[in-house]
There are 2 protein chains.
Amino acid sequence: MARRTGRRPGNPDTREAILDAARAAFAERGFDAASIRAIAGTAGVDPALVHHYFGSKDQLFLAAMNFPVDPGEVVPKVLAGGQDGIGERLVRTFLGIWDSPAGTAGIALMRSAVSNEWTARLLREFITTQVLRRVLDQLDVDLAELPLRGSLVATQLIGLAMMRHVIRLEPVASADPETLVVAIGPTVQRYLTGPLPT
Amino acid sequence: MARRTGRRPGNPDTREAILDAARAAFAERGFDAASIRAIAGTAGVDPALVHHYFGSKDQLFLAAMNFPVDPGEVVPKVLAGGQDGIGERLVRTFLGIWDSPAGTAGIALMRSAVSNEWTARLLREFITTQVLRRVLDQLDVDLAELPLRGSLVATQLIGLAMMRHVIRLEPVASADPETLVVAIGPTVQRYLTGPLPT
DNA sequence: CGTTGAGTTCAACAGATGATGAGTTTCGTG
DNA sequence: CACGAAACTCATCATCTGTTGAACTCAACG
């Protein structure tokens, strides 16, 4: 079985080049507006090769999104210090991620989620099952309050990311991260641990 | 002068029908993804008629956005009660607008601003010159702090609108408005009148 | 009536897009 | 070496896009 002759699949890094170009394009223009031709162009590759590797534009998008920060690794760090100051730590970590290569994927996901229903579902599920659930699982609050607290936090953080990286409204767009941490941290803290409307 | 013969322009409401269809389409799909053909279709009209009335897709978009809430009318109402409770009043008014017909235009503007540079500029200028400036002009705070306070508020409010009307994350998406007012009002209040990082 | 001009439609162009399938090159293995 | 499979390219299709210009309809005016 499995006669393995022929050229080995351990191919060079053109596959990664395509993924990089795809992430950049999706981040800059969103899913619909980013064209496979343009992606292939900046990757120095024939458009058909993209299909050869990834099959369809949808699957290319999925592949390009497939190295976000692993929430299972980063969330515990944020929670490590206990409930005191968790708001500021969360905002600080959140801001840091957007400046990393994973942030490109995040911007791509956010941009795409706005005009494309299935990418919106993707973002929603990522937020709920990957981030909020992990954070709130380890937080000492009433179980019935978790969803509201979680989505309130999401409200503030997504708004922050939108203003800073998509709409680029000044001075938030180029503000020093620590300034934002001090300003917004208490908000997140209150949403997580403060009193809530009934 | 002005020899006026021929069919009078006192035409029926097909022009308004086009604008309604355009607002709906832009709100649902964003500027790029909304097609003139689809708009003409739901308006029961030939696509060429859209161009006859509005010239180009850009101008159609501008015309469709041209009946937002007049900020010059709504802002004073929010400010009327003084600084106490202005946070809650702002959130309440903000939420109300999105459920009105003008909210459709707002969603359209937000959706479009994400994947289209010139509509993003439009949204940015609307936020800064029409809303934030008016609100902060009448607020008793240090002039140097205005931009930061303003964009922090924008951060929270845009995030709220995004989560409630675009991403539709539960339970924020279908929460009772007053619940959100009580939860988010204090945040806005603090951004406007509370202490700030230096 | 008959001319005028706005309301409206038809047909078509030029460009871009995602996708396909056949073909060519390149290289590891037997 | 020779063969097979993967990496890669070319040409092309069908579709959709915004936009244009010529045509037709028809109510109002002289």
Side-chain angles (χ1 to χ4, degrees), chain A residues 1-22 24-26 28-64 108 111-112 115-119, chain B residues 1-23 25-26 28-64 108 111-112 115-119:
Chain A
M1 52 169 53
R3 306 182 32 79
R4 323 191 293 102
T5 41
R7 194 176 184 172
R8 287 298 78 144
N11 71 323
D13 43 12
T14 89
R15 188 194 166 93
E16 282 307 315
I18 293 178
L19 283 178
D20 280 350
F26 286 137
E28 195 172 343
R29 328 209 24 160
F31 180 81
D32 295 308
S35 82
I36 289 198
R37 280 171 162 86
I39 292 172
T42 81
V45 150
D46 190 277
L49 191 61
V50 179
H51 280 91
H52 174 65
Y53 274 132
F54 301 99
S56 74
K57 194 183 180 183
D58 289 12
Q59 291 170 35
L60 169 63
F61 184 80
L62 285 177
R111 269 219 157 85
S112 304
S115 25
N116 200 282
E117 185 49 40
W118 76 266
T119 54
Chain B
M1 50 165 49
R3 305 181 32 79
R4 323 191 290 99
T5 42
R7 195 177 184 170
R8 284 300 76 138
N11 72 323
D13 44 11
T14 89
R15 187 193 166 95
E16 282 308 314
I18 293 177
L19 282 178
D20 281 349
R23 259 186 296 267
F26 286 138
E28 195 172 343
R29 329 209 25 163
F31 180 82
D32 295 308
S35 81
I36 288 198
R37 279 171 163 85
I39 292 172
T42 81
V45 152
D46 190 277
L49 191 61
V50 179
H51 280 90
H52 173 66
Y53 274 135
F54 301 99
S56 75
K57 195 182 180 182
D58 289 12
Q59 291 168 36
L60 170 62
F61 184 80
L62 286 178
R111 269 220 157 87
S112 304
S115 24
N116 200 283
E117 186 50 39
W118 78 266
T119 53

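Below, chain A is the first sequence line, B the second, and so on; all start at residue 1.
Residues satisfying the side chain to side chain donor-acceptor pair (under 3.5 Å) test with A:Asn116, not counting sequence neighbours, are A:Asp32, A:Trp118.
In this structure, A:Ala34 and A:Arg29 approach most closely via the heavy-atom pair N-CB, 4.1 Å. Scanning both residues, A:Phe54 and A:Gln59, for their nearest heavy atoms gives O-OE1, 2.9 Å. The minimum heavy-atom distance between A:Thr42 and A:Ala21, with the atom names listed, is OG1-CB, 3.1 Å. The two residues B:Arg15 and B:Tyr53 have their closest heavy-atom pair at NH1-CD2, 3.9 Å. The heavy-atom pair separating A:Ser115 from B:Ser115 by the smallest distance is OG-OG, 3.8 Å.
Taking atom CG of residue A:Asn116 and atom P of nucleotide C:dG18, one finds them 12 Å apart after rounding to whole Å. Following rounding to the nearest Å, A:Phe61 (CZ) and C:dG18 (C1') show an atom-to-atom distance of 16 Å. If you take CG of A:Asp58 and C1' of C:dA19, they are 12 Å apart, rounded to a whole angstrom. One interatomic measurement links the two molecules: CG of B:Asp46 to C1' of D:dT20, which rounds to 12 Å at whole-angstrom precision. Protein atom NE2 of B:His51 is 17 Å distant from nucleotide atom P of C:dC10, rounded to whole Å. Distance CZ (A:Phe54) to C1' (C:dA19): 16 Å, rounded to an integer number of Å. With rounding to whole Å, A:Leu49 atom CG is found 15 Å from C:dA19 atom P. A straight line from CZ of A:Arg15 to P of D:dA6 spans 13 Å, rounded to a whole angstrom.
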So which protein N/O to nucleotides 14-17 of chain D N/O distances come out below 3.5 Å?
none

Subject >> Intermediate values then yes/no, side chain to side chain contact (heavy atoms under 4.5 Å, CB included), B:Phe26 and B:Ile39 >> reply: CA-CA 9 Å; B:Phe26 286 138; B:Ile39 292 172; 4.2 Å; yes
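A donor-acceptor distance shorter than 3.5 angstrom exists from the side chain of B:Thr119 to the backbone of B:Ser112, with no hydrogens or angles considered.
Across the helix from C:dG15-D:dC16 to C:dG30-D:dC1, the helix axis at one end is tilted relative to the axis at the other end by 10° (nearest 10 degrees, each axis from five pairs).
Here B:His51 contributes atom NE2 and B:Ile36 contributes atom CD1; the two are 4.0 Å apart, rounded to the nearest 0.5 Å.
Phosphate contact (OP1/OP2 of C:dG18, side-chain N/O of A:Ser56, threshold under 4.0 Å): absent. Close to D:dC8, at under 4.0 Å from its OP1 or OP2, lies a side-chain N or O of A:Tyr53.
Along DNA chain C, the nucleotide nearest to A:Phe31 and the one nearest to A:Ala48 differ in position, and the one closer to the 5' end is contacted by A:Phe31.
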